[in-house]
A.B. asks: 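I'd like to ask you about the structure that follows.
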Amino acid sequence: MERGTRDEAADVHALEPEAFLEEVHSFEFWFQSVQGYLAGLSFGHRPDVHGAPLAPDERERLVTVLCNYCVGETAALEGASGLVAIAPNRLTKVFLATQVADEGRHLEVLLHRLAELGIPAPESEIERRASRSLLHFKRRLRELVESRDWEAAIFAQNVILEAMEFTVFQSHARTADLVTREVLQGIVKDERRHIGFGENELGRRLQASPHIRARIGEVKKELDHWVLESFEETLREIGVPNEERPELGRSYLEVVARLGFA
Amino acid sequence: MSDFLSMYSVQHWLESCPQGYLVGTEFGHPPGESESELIVSDPLLREQAIGTTVQLVVGERCALAASSGLINSAPDEASKRFLATQTLDEARHVEIFTQRLFDLGLKKSELESAIEQYANPNLMKFAEVLLEKVDRKDFVAGVVGQNVVLEGMAFSVFEMMYAGSQTLNPKFAHTLSGTIADERRHVGFGENRIGSLIQEHPEKKPAIERMQKEMSYYMLATFADSFRNNPAREEFKKLRMSTSGAPKAEWHGADLNALEPEEMESLLADTVLKEFKVRLGRIGIEYQTPIRP
């Protein structure tokens with residue numbers, strides 16, 4: 001199977017379940033996937049794309065939003081790297097390693113975008129502008145990973161956090177300046193893969209051990225408040241009109257609902 | 001520090017590794033290449049190749065656990081991002097060496113039992129010493145153990161194997177060449193990043209030096225187990241003789257095809273220890289001579 005030449009959709013879904021997992025959790029699969037949309041980009045966007053100058057208040061709002069995206073991506077990087085240690089087998093470890101590199105890239109392109117917007121010391125700016133609810137979520141995710149609770153941690157990381165980022169980034173990309181849009185679109189493509197892994201891994205476990213459901217339900221109940229609050233804050237900053245916000249909240253909840261957590 | 005760390009960015013890694021020397025490869029080698037028929041068709045040599053590859057998988061599993069485990073204790077974002085790329089490099093190494101086991105005829109269902117059967121206990125001890133530092137979130141000791149000691153050892157072992165495989169087994173040599181390029185980057189990060197941290201935390205030196213001495217002993221014991229009393233010794237001789245007339249397998253001035261196993265062990269051990277001494281000196285750690293098994 002040569003890289004970049006395979007018709008991914010035709011091949012992968014024709015595989016037996018075990019061979020499917022062997023394939024989609026591999027470095028080779030990751031490489032084929034990202035090569036298609038990262039080739040030729042520099043820090044997440046085409047080098048010759050430049051955004052139009054932003055008005056001061058627009059720039060200010062964008063910096064706050066990007067700072068909070070950095071908090072989310074740092075949480076994802078720390079969460080995914082911690083999950084490698086507790087992953088139950090070789091294939092999940094390898095997949096999570098690809099996710100670790102993805103999250104590292106997301107953090108890097110967002111920091112780079114902040115630098116392009118004239119933020120000289122992004123780390124202190126992030127600390128200053130970070131949302132309280134997002135920081136709480138980050139802390140709680142890390143606790144779940146450190147407690148070595150595989151199912152709860154995968155749920156918080158690859159379902160809740162990734163679904164939240166997916167929904168927000170996708171929505172923001174529609175109205176963002178050209179550079180930010182390309183950066184976010186690249187991230188969204190990665191998030192789709194991460195959510196797929198979370199749903200697949202957790203879905204199989206829930207099917208095999210239904211008693212896990214109650215514990216995951218508790219985690220969801222606890223995290224929902226922080227997620228929805230940071231959701232609301234971010235959507236307000238990126239200028240999503242009031243009437244569209246519940247719709248976006250619903251599409252986030254739909255991802256979670258696919259696993260049976262309404 | 002930020003200028004130096006920009007050389008270790010995810011963007012730099014993407015351009016040099018996946019979009020650089022890995023382009024056109026499949027599990028680290030050009031598509032269509034296969035294991036040497038000489039090895040696959042000889043039961044003793046095949047078993048020897050499986051045993052050796054298991055040690056590589058064990059080492060890379062340890063490196064994957066260590067690099068991912070160090071991310072959460074890294075003191076700055078740029079180091080976290082470099083370790084994210086290293087985590088994926090190590091996972092790739094686990095994958096390509098595991099694939100080699102399958103290429104040598106191991107069934108997927110036999111993988112874990114083969115690893116249990118062939119994993120060298122001294123290599124497991126080597127890994128334990130390092131992972132204990134990682135578990136304690138000791139970033140400085142963890143990076144020295146991982147990116148200087150473990151990666152330094154892997155770099156020399158892979159280089160020697162590469163030299164020995166170029167003629168006998170080009171597929172394996174190609175697989176190794178990408179890992180050597182990766183290890184060079186990892187060792188570079190370890191040396192460059194950790195020097196300043198050692199200066200900031202001189203109190204950590206004695207424990208790090210003890211760790212290096214301990215890890216070095218287990219490394220030498222692993223080499224000894226691999227080269228001495230090797231049941232495939234006579235088979236290897238045959239294999240080497242079959243390459244007479246082929247170019248020399250030169251490494252550090254010696255022709256590997258002409259060396260006895262004990263001489264190879266000695267060459268490898270001396271090379272790795274010499275490299276340790278130089279690299280540790282650069283970061284301000286005094287090299288500790290290990291006990292020879």
Side-chain angles (χ1 to χ4, degrees), chain A residues 1-5 18-19 22 25-32 34-35 38-44 70 73-74 76-87 89-91 93-112 121-123 126 142 145-146, chain B residues 2 6 8-15 17-19 22-28 30-32 57 60-61 64-74 76-96 98-99 102 108-109 111-112 115 131 134-135 137:
Chain A
M1 194 159 33
E2 200 167 346
R3 276 189 180 144
T5 59
E18 205 178 318
E22 183 90 30
H25 291 171
S26 66
F27 173 88
E28 297 285 317
F29 186 80
W30 172 86
F31 184 79
Q32 280 190 7
V34 302
Q35 189 60 356
L38 292 185
L41 301 189
S42 177
F43 294 99
C70 287
E73 293 298 345
T74 305
L77 172 57
E78 293 179 354
S81 59
L83 281 165
V84 173
I86 60 171
N89 54 48
R90 169 178 62 93
L91 294 177
K93 279 183 194 290
V94 171
F95 177 84
L96 284 163
T98 68
Q99 187 173 339
V100 167
D102 289 336
E103 310 297 4
R105 188 185 78 80
H106 301 171
L107 183 57
E108 182 168 291
V109 295
L110 293 167
L111 288 169
H112 192 262
E123 289 186 25
I126 290 167
R142 194 156 165 171
V145 173
E146 282 173 359
Chain B
S2 58
S6 70
Y8 293 93
S9 67
V10 181
Q11 179 68 31
H12 186 80
W13 171 80
L14 273 172
E15 287 169 7
C17 172
Q19 297 168 351
L22 293 185
V23 167
T25 63
E26 180 184 297
F27 294 107
V57 173
E60 296 298 347
R61 282 186 177 187
L64 171 58
S67 52
S68 57
L70 285 168
I71 290 176
N72 282 344
S73 52
D76 57 275
E77 295 288 354
S79 296
K80 280 182 196 286
R81 283 182 274 128
F82 172 77
L83 286 166
T85 67
Q86 185 174 342
T87 296
L88 186 47
D89 289 335
E90 308 300 2
R92 187 181 80 82
H93 301 170
V94 170
E95 185 168 293
I96 58 180
T98 303
Q99 183 61 40
F102 299 147
K108 283 180 181 159
S109 58
L111 176 66
E112 294 307 321
I115 289 175
L131 293 177
V134 174
D135 286 345
K137 302 201 179 304

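Scope of the values below: all heavy atoms of this structure, side chains included, with no hydrogens, waters or symmetry mates. First the proteins, then the strands, lettered A, B, ... as listed; each starts at 1.
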A.B. asks: Taking the side chain as C-beta and beyond, is there a heavy-atom pair between A:F27 and B:I96 under 4.5 Å?
C.D. replies: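 Heavy-atom side-chain distance check fails, nothing below 4.5 Å.
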A.B. asks: For B:E95 and A:S26, indicate whether the former's side chain and the latter's backbone hold a donor-acceptor pair under 3.5 Å.
C.D. replies: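 No: the side chain of B:E95 does not pair with the backbone of A:S26.
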A.B. asks: Side chain from CB out, backbone as N, CA, C, O: work out which of these in A:L41 comes under 4.5 Å of a heavy atom of chain B, or both, or neither.
C.D. replies: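 For A:L41, the contact with chain B is made by the backbone alone.
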A.B. asks: Among the options A:K93, A:E22, A:Q99, pick out the one with the most heavy-atom pairs lying under 4.5 Å from chain B.
C.D. replies: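 Winner by heavy-atom pair count: A:E22.
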A.B. asks: Report the C-alpha separation of B:T85 and A:R105 in whole Å, then their side-chain angles, then the decisive distance to 0.1 Å, and conclude whether the side chain to side chain contact (heavy atoms under 4.5 Å, CB included) test is met.
C.D. replies: CA-CA 9 Å; B:T85 67; A:R105 188 185 78 80; over 6 Å; no
A.B. asks: So what's closer than 4.5 Å to chain B heavy atoms on A:Q35: side chain, backbone, both or neither?
C.D. replies: side chain
A.B. asks: Report yes if the side chains of A:R90 and B:L111 come closer than 4.5 Å at any heavy-atom pair, otherwise no.
C.D. replies: yes
A.B. asks: Report the distance from atom CG of A:L96 to atom CG of B:L88, rounding to the nearest 0.5 Å.
C.D. replies: 11.5 Å
A.B. asks: Considering only heavy atoms from C-beta outward, does the side chain of B:Q19 approach that of A:L38 to under 4.5 Å?
C.D. replies: yes
A.B. asks: Working to the nearest 0.5 angstrom, can you tell me the gap between B:R81 CZ and A:L111 CG?
C.D. replies: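 Answer rounded to 0.5 Å: 5.0 Å.
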A.B. asks: Would a 4.5 Å heavy-atom cut-off, applied to side chains only, mark A:E108 and B:E77 as touching?
C.D. replies: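 Side chain of A:E108 against side chain of B:E77, heavy atoms only: no contact under 4.5 Å found.
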A.B. asks: Minimum heavy-atom separation for A:A101 and B:V10, please, with both atom names.
C.D. replies: O-CG1, 4.4 Å
A.B. asks: How about B:Q11 and A:V109: do any of their side-chain heavy atoms sit closer than 4.5 Å?
C.D. replies: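 No, their side chains stay 4.5 Å or more apart.
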A.B. asks: Which atoms of A:E73 are under 4.5 Å from chain B, going by heavy atoms: the side chain, the backbone, both sets, or neither?
C.D. replies: neither
A.B. asks: Less than 4.5 Å to any heavy atom of chain B: does that hold for the side chain of A:E78, its backbone, both, or neither?
C.D. replies: both
A.B. asks: Chain B heavy atoms under 4.5 Å from A:E103: which part of the residue, side chain, backbone, both or neither?
C.D. replies: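 Neither part, no heavy atoms under 4.5 Å.
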A.B. asks: Let me know if B:T98 has heavy atoms under 4.5 Å from chain A in its side chain, its backbone, both or neither.
C.D. replies: side chain
A.B. asks: Enter the distance from B:L14:CG to A:F31:CZ here, rounded to the nearest 0.5 Å.
C.D. replies: 9.0 Å
A.B. asks: I'd like to check A:S81 versus B:N72 (side-chain heavy atoms, cut-off strictly below 4.5 Å). Are they in contact?
C.D. replies: yes
A.B. asks: For a quick test of reading the model, state the closest non-hydrogen atom pair linking A:G104 to B:A84 and the distance between them.
C.D. replies: CA-CB, 4.2 Å
